[in-house]
Structure formats: C-alpha cells, structure tokens
2 protein chains.
Amino acid sequence: MACKGYPGRMTTPTPTPPTTDWLRLDQQICFSLNAASRAFGGVYRVVLKDLGITYPQYLVMLVLWEHGELPVKKLGEHLRLDSGTLSPLLKRLEAAGLVRRERSARDERSVEVGLTDEGDAMRERALAVPRRISAATGFDVDEIRELRSRLDELTSALDAATLERASEE
Amino acid sequence: MACKGYPGRMTTPTPTPPTTDWLRLDQQICFSLNAASRAFGGVYRVVLKDLGITYPQYLVMLVLWEHGELPVKKLGEHLRLDSGTLSPLLKRLEAAGLVRRERSARDERSVEVGLTDEGDAMRERALAVPRRISAATGFDVDEIRELRSRLDELTSALDAATLERASEE
DNA sequence: CACAATTCAATTGCGTACAACTAAATGGCC
DNA sequence: GGCCATTTAGTTGTACGCAATTGAATTGTG
C-alpha cells in the first residue's frame, strides 16, 4: 500500500454541519432497517445452526411447509426473490436432501419444488425457532404485529415508488 | 434434471395447520424487515444511479462526510461492518476516485480513509437524496423517527441476545 | 531487551441479491 | 401448421455480508 507518505489530513472534514443535517447516518431510516435486518441475521445464524440451513433457506422452507409443492415462480412471488437468487439456493437445499425439484409435466418451462420426507420432517424441529427468535427480540406479540404492519406499509410504498421511477425513463 | 418422472405430489402438504401457525411466513417479523430493507435497496439503486455508487457505498460516504478522515476500524463501528466487507468496498470507492486510503504514520496497522476533493464535492449532489427517499416512503418525519427508534431498540436487543448465545458455548 | 498476547487490515470462501442475458417451451394469431 | 411475443429457469457477472484465517505492527510483561 504505502500511498506515498502524506502528512496529516486529506480534506477538510465538513466544518459545522447545520443542526438538521439530512445526511447524518443516524437520521437514515434505511440504515436502522438494514442494521436490524442484519442483527436478525446474526440471531438466526445461531438458532438455525441446529437445522444446518441459512436464514434465506429457512424462509424457503417456511413457504414449502405452508403451501406444499410450488413452482419456482410462485416461490419467488411469496419471497420477493427471482430465479437468479432461488436457483442456486434451491440446488443447495436439494443437495442437503431437503427439497426435490422436477420439471412440471404440464408445462416443461416450470420447475416444481417440493419437500422430501426429510424436509417435511424438519418442520417439527423448526417449531422451536420462532419462540427462540421472539424471545431474542424482547418485544411482545402486539409490538411485533404493530411493527410488522408498519414495515409492510413501508415496503408497499417503496415498491410503488420504484415502479414509478422506473417507468419515468 | 428430469429427476425420473414422478406422478403428482411429492409429500403431503401440511394437512391442517393450527389457526395460530408460528411458522407462517407472514407471521415472521424478520421477513417484513428483510423485505423492507430490500425494497429500500431498490429505491436507492435508482436514486443513487446519478451518483454512480451503491447503497452501502453511500453509507460509507455519509460517515466520511460527517466525521472526516477515519480509520477502517472506526468506519466499521459506525456501520456495523467488518474489514471483510469494507476492504473491497473501499477499494472500489478508491478506484472511483472518491476516497483515499493510506497507512497511518503513527500506527502502521491502521489504514486511514479520507475523502478526495471529488468525494467531498459529491456531498452537494447527495443533499437531494434524502428528500427523494423520504418522498418514496410516504411517511412523515415523525413516523420515520418513531419507526427508527423502534428498530434501534430491536437491533440492541438482538445484538445482546446474539452475544449471550455465543458466550453459552 | 525479549516474547507472548493482542490489534488491525486484508484475504479467502461461501451464500445471498439482483441486473442482464440465454434458451427452451408455450400461447396466440394469421 | 408456421411464426412471433411471452413466460419460465437457469447462467453470468458484480457487489455485499460475514466467518475464519493470515500477516504485520503494537502493547504488555517480566
């Protein structure tokens, strides 16, 4: 590295930001959101170690436990994920023996994803997960519900805004 | 693929889940959180295209605009990120001409990250970003603040829980 | 001063995310 | 039936995020 020795500073650090500085990190809702999301990731990593799957893989299993066999497309709609993310993820779940993938007979473009016996059996063990996670948040059920609905509102608004901007071009 | 032809279903889709099914996707706060975080990502991707940086890179710039020159370690503390994430990210910002990295003279282990003139100048253009993002959320300032503090509580609780579990082993 | 423990950035390896593209299959439409 | 737009997974390339490791520099202790 070394970057040829340089004395002291490189640039004037913003002299005196106004009291309402819209660029302050702690003002950014997105940062709090991102941080909370990653903090959850940390807890799930610990809790899911028993099951040997990652958090996104756990989400896929949730959908399959709830809905049974499903084409990749539908899976992606439930999870907000596209095939670029799901294809390799599903291959890993398949390699782990938890799901099975097969071309649909009626529509050869579609791939149906279903649980193996082992994947189905994991549901029992997974029942302990939500309680452990819930305990880690320190929030009660009503607080969680409230926060959840707020976040879902936010997501809807953001999705709508993204589509608007995309269509402006 | 082909998976040797298989007729109909693969596994019994859970027969009749109890009314309070803790494994339902829409019950998971983490999913709402994750979805909101990625929805933000989408909006930022559009808004930040003008500046030619990604959202995590924008967060780094926020910290540098606010605090001026900083060692990688401190940057990571502000952002909850480690060198595994920051090192390559900072190299990209350096390649883009926005930041400069140099070994500290006092402590050769440490690398000081500072803004270039170009990086400092970008601050002006970035002032438009928070307003555009805020508009996209459809939330007013108080709602945002409320949500932010809730999320920060959540993050603290989750971090504490992660540390507890880690120390249990 | 010597030497072990610690600190710090970088690297490696793995697993998401997502845009852009490819290729196969399907469904109108003439 | 032949043809074209659309749908669907998969692949490629780029960029996080994080655990684990490496290697250099520093600090604490005798």
Side-chain angles (χ1 to χ4, degrees), chain A residues 1-3 30 34-46 48-49 52-60 70-77 79-96 101-113 162 166, chain B residues 1-3 30 34-46 48-49 52-60 70-77 79-96 101-113 159 162 166 169:
Chain A
M1 191 92 357
C3 289
C30 55
N34 195 311
S37 183
R38 284 185 287 127
F40 255 120
V43 177
Y44 270 103
R45 228 186 316 282
V46 176
L48 291 176
K49 199 158 59 176
I53 58 178
T54 67
Y55 168 60
Q57 290 167 9
Y58 172 70
L59 292 181
V60 168
L70 227 49
V72 173
K73 183 73 189 304
K74 289 287 178 195
L75 209 46
E77 286 170 7
L79 295 168
R80 277 179 138 270
L81 293 172
D82 70 359
S83 67
T85 301
L86 286 175
S87 287
L89 188 157
L90 290 171
K91 279 191 189 173
R92 284 187 281 272
L93 284 179
E94 188 180 36
R101 299 183 305 148
E102 42 187 83
R103 289 278 160 192
S104 163
R106 277 179 292 99
D107 186 343
E108 287 282 337
R109 292 170 302 182
S110 173
V111 169
E112 299 282 330
V113 182
T162 305
Chain B
M1 190 103 350
C3 290
C30 54
N34 196 316
S37 184
R38 283 186 286 129
F40 255 120
V43 178
Y44 271 103
R45 228 185 316 282
V46 175
L48 291 177
K49 199 158 59 177
I53 57 178
T54 67
Y55 168 61
Q57 290 167 12
Y58 172 71
L59 292 182
V60 168
L70 228 49
V72 174
K73 183 74 189 301
K74 290 285 179 197
L75 208 47
E77 285 170 9
L79 295 167
R80 276 178 140 272
L81 293 172
D82 69 0
S83 66
T85 300
L86 285 175
S87 288
L89 189 157
L90 291 170
K91 279 190 187 172
R92 285 187 282 271
L93 284 179
E94 188 180 38
R101 299 183 306 147
E102 42 187 85
R103 288 277 159 193
S104 163
R106 277 178 293 98
D107 186 341
E108 288 281 338
R109 292 170 304 181
S110 172
V111 169
E112 299 282 330
V113 182
D159 280 347
T162 305
E169 296 169 19

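Letters A, B, ... are given to chains in the order of the sequence lines, protein chains preceding strands, and every chain is numbered from 1. For the numbers below, each heavy atom of this structure counts, side chains included, while hydrogens, waters and symmetry mates do not.
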Task: Heavy-atom check, side chain of L81(B) versus side chain of V60(B), under 4.5 Å - done: no

- [ ] Kindly point out which of dC16(D), dA9(C), dC18(C) is positioned nearest to the side chain of V72(B)?
- [x] dA9(C)

Open item on the list: Using OP1 and OP2 only, check whether a side-chain N or O of T85(B) sits under 4.0 Å from dG17(D).
Closed with: no

- [ ] Tell me what T54(B) touches on the nucleic acid: a base, only sugar-phosphate, or nothing, going by heavy atoms under 4.0 Å.
- [x] sugar-phosphate

TODO: Rounded to the nearest angstrom, tell me the gap between atom CD in E108(A) and atom C1' in dG27(C).
DONE: 16 Å

TODO: Could you tell me the separation between the CD atom of E94(A) and the C1' atom of dG15(C), rounded to a whole number of Å?
DONE: 17 Å

- [ ] Answer yes or no: does a side-chain N or O of R101(A) lie under 4.0 Å from OP1 or OP2 of dA9(D)?
- [x] no

Open item on the list: Closer than 3.5 angstrom, by distance alone: can the side chain of R103(B) be matched with the main-chain N or O of R109(B) as a donor-acceptor pair?
Closed with: yes

Open item on the list: Quick one: does any side-chain atom of D82(B) pair with a main-chain N or O of T85(B) as donor and acceptor, under 3.5 Å?
Closed with: yes

- [ ] Kindly point out which of dA15(D), dC18(D), dA9(D) is positioned nearest to the side chain of Q57(B)?
- [x] dA15(D)

- [ ] Using heavy atoms to find the nearest nucleotide of DNA chain C for R109(A) and S83(A) separately, return the residue whose nucleotide is more 5′.
- [x] S83(A)

Task: From K49(B) atom NZ to T54(B) atom OG1, the distance as rounded to the nearest 0.5 Å - done: 14.0 Å

- [ ] Can you measure from CG (N34(B)) to CG (L79(A)) and round to the nearest 0.5 angstrom?
- [x] 9.5 Å

TODO: Return the 5'-most residue of the pair P56(A), A105(A) with respect to DNA chain C, ranking by each residue's nearest nucleotide.
DONE: P56(A)

Open item on the list: Donor-acceptor pair, distance only, cut-off 3.5 Å: does the side chain of Y55(A) make one with the backbone of F40(A)?
Closed with: no

Task: Between C1' of dA17(C) and OH of Y55(A), the distance in whole Å - done: 14 Å

Task: Presence of R92(B) side-chain N/O under 4.0 Å of dC16(D) phosphate oxygens OP1/OP2 - done: yes

Open item on the list: Can you work out whether A39(A) or K73(A) has the more 5'-proximal nearest nucleotide on DNA chain D?
Closed with: K73(A)

TODO: Nearest whole angstrom, please: distance from the P of dG15(C) to the OH of Y58(A).
DONE: 20 Å

Open item on the list: Rounded to whole Å, please give me the gap between CG in L81(B) and P in dA15(D).
Closed with: 16 Å

Task: Nucleotide nearest K91(A) when distance is taken to its side chain, options dT11(D), dT26(D), dC18(C) - done: dT11(D)

Open item on the list: Just the rounded figure in Å: distance from P of dC18(C) to CG of N34(B).
Closed with: 9 Å

Open item on the list: Applying a 4.0 Å non-hydrogen cut-off, can you work out what P88(A) is touching in the nucleic acid: base, sugar-phosphate, or nothing?
Closed with: nothing

TODO: Consider the side chain of D107(A), meaning its heavy atoms from C-beta on, and name the nucleotide among dT26(C), dA9(C), dT26(D) that approaches it most closely.
DONE: dT26(C)

TODO: Quick one: label S110(B) by what it contacts on the DNA or RNA (base, sugar-phosphate, nothing), any heavy atom closer than 4.0 Å.
DONE: sugar-phosphate

- [ ] Please state how far atom CG in L90(A) lies from atom P in dA17(C), giving the value in whole angstrom units.
- [x] 13 Å

TODO: Calculate the interatomic distance between R103(B) atom CZ and dT7(C) atom P; express it in whole Å.
DONE: 17 Å

- [ ] Among dT6(C), dA19(C), dG10(D), find the nucleotide with the atom closest to the side chain of R45(B).
- [x] dA19(C)

- [ ] For L86(B), answer base if it contacts any base atom (sugar-phosphate contacts may also be present), sugar-phosphate if it contacts only those atoms, and nothing otherwise; contact means non-hydrogen atoms under 4.0 Å.
- [x] nothing

